[in-house]
Amino acid sequence: MLHEPGPKPTRTDLAVVGAGPLGLVTALTAARAGLSVTVHERAADFSAGAGWRAGGMLAPEIEAEVSSPALVELGRRAMDLWPDLFPGVERNGSLVVAGPREPGALDHFAAKTANHRLLGADELAALEPQVGERFRRALFYPSEGHLNTRDAYAGLAAALAEAGVPILFSWTGDVADLAAERVVDARGLGARDRFPELRGVKGEMALIRCREIAIRRPVRLLHHRHPLYVVPRADGVYMIGATTIETDVSDTVTLRSAGELLTQAYALHPAFAEAEVLEFNAGLRPAFPDNEPRIVEDGRLVAVNGLYRHGWLIAPALAEAIVNLITDRSTPAHARDAQR
Ligand SMILES: Cc1cc2nc3c(=O)[nH]c(=O)nc-3n(C[C@H](O)[C@H](O)[C@H](O)COP(=O)(O)OP(=O)(O)OC[C@H]3O[C@@H](n4cnc5c(N)ncnc54)[C@H](O)[C@@H]3O)c2cc1C
């Protein structure tokens with residue numbers, strides 16, 4: 001008997017719009033789940049979005065200071081997903097310190113966050129000697145991590161190429177005109193036509209090189225006016241970040257912010273005074289009024305936005321939820337709050 005060949009199995013065809021951390025991680029998660037994916041990016045390279053300016057702190061516990069328990073759960077889930085997406089993730093914890101003029105700040109921060117250990121002078125000096133030179137106490141969050149965001153763009157792009165996912169740069173089309181079976185709108189602030197309540201929260205940062213300093217994990221310095229964090233990258237490079245300014249009219253670095261960032265770095269360790277300044281930059285974090293992310297399904301389209309100050313952290317957990325939605329699997333409990 002002749003066997004009629006059945007209909008060719010087709011793979012769900014997915015267009016992802018926006019090549020920020022959310023778009024790239026969603027595309028890779030979807031491709032690995034068997035979908036046929038194409039990424040569409042308006043800019044000519046990866047440097048246009050907020051993600052390019054980010055510190056790369058992967059700090060779900062620290063985020064509890066300003067975020068909901070659901071957001072913290074998303075972050076914790078994402079920490080488990082990151083190593084398969086980008087093996088360059090460092091998971092050696094993070095530190096929080098406070099200067100002598102901030103009495104009570106560390107205890108207050110400890111009360112608002114979980115899964116930390118209070119280190120005394122000896123333990124701090126053993127873990128991070130140069131931080132121990134200036135500070136006698138620190139909160140240590142051992143499960144946290146960080147990544148070099150620019151390496152992560154390159155790593156995700158390489159993984160996408162390996163999975164056969166093209167990234168179409170300088171794409172000028174309209175989301176509504178895409179013919180794909182399913183579309184993910186991950187345009188960050190570019191999606192204000194869909195989400196009029198979306199706002200940009202300005203963040204300024206500096207990249208410096210200082211070979212005299214060998215700090216191995218992110219350090220957050222509490223300060224009533226100018227809180228700051230330092231994220232180590234390879235080769236003596238540190239990302240100093242970041243201001244949080246409620247404006248989205250300007251994405252340039254002001255002289256005042258530049259001065260404050262560098263002065264606070266110097267407060268963390270005086271050797272930073274001799275650092276070479278490599279770059280100043282500013283970006284706009286896409287945020288909803290409640291500073292929580294949203295996943296909105298509208299027919300064949302899934303729009304995801306509002307990743308605010310933790311987009312690199314939570315992107316893998318949101319991507320997991322998006323792909324589950326598209327492939328009709330149930331949404332994991334930790335992502336249900338984001339889904340509207
Ligand atoms: C100074 C600073 C420090 C930060 N530090 C951290 C940190 O330490 N840890 C952390 O987790 N997060 C951090 N963030 C936040 C993080 O960068 C954002 O949450 C994240 O970038 C949001 O990801 P996204 O993909 O939604 O948006 P974006 O990164 O903004 O990417 C959106 C992309 O969509 C593209 N796009 C826009 N419109 C269109 C269109 N019409 N068609 C096609 N493409 C389009 C853009 O060009 C861009 O490439 C920081 C942000 C800033 C500014």
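Counting starts at 1 for both ligands and their atoms, in listed order. Everything numeric in this text was worked out from a predicted model, so none of it was measured.
- At least one heavy atom of Ala186 sits under 4.0 Å from some atom of ligand 1.
- Neither the backbone nor the side chain of Ala282 has any atom closer than 4.0 Å to an atom of ligand 1 (non-hydrogen atoms only).
- An N or O contact shorter than 3.5 Å links Met57 to ligand 1 by distance.
- In terms of polar-atom proximity, defined here as any N/O pair under 3.5 Å, Tyr229 does make such a contact with ligand 1.
- The nearest heavy-atom contact from the protein to atom 21 (O) of ligand 1 is Gly51 N, 2.9 Å.
- The aromatic rings of Trp82 and Phe86 sit perpendicular to each other, their planes meeting at more than 60°, with 30° as the lower class boundary.
- Annotation: Tyr308 is not in aromatic contact with Phe288 [ring centroid separation under 6.0 Å not met].
- Residues Glu41 and Gly20 come closest through the heavy atom pair OE1-N, 4.5 Å.
- For ligand 1, the polar-atom distance check against Gly283 finds no nitrogen or oxygen pair separated by under 3.5 Å.
- Distances between N or O atoms of Tyr153 and those of ligand 1 include no value under 3.5 Å.
- Considering both main-chain and side-chain atoms, Arg309 comes within under 3.5 Å of ligand 1 through a nitrogen or oxygen pair.
- Ion pairing between a basic and an acidic side chain is recognised when a charged N comes within 4.0 Å of a carboxylate O; Glu274 and Arg211 show no such pairing.
- Inclusion of Leu313 in the set of residues having an N or O under 3.5 Å from an N or O of ligand 1 is warranted.
- The shortest N or O to N or O distance between Arg42 and ligand 1 is under 3.5 Å.
- Contact check on Glu246 versus Arg199 returns a salt bridge, with a Lys/Arg side-chain nitrogen under 4.0 Å from an Asp/Glu carboxylate oxygen.
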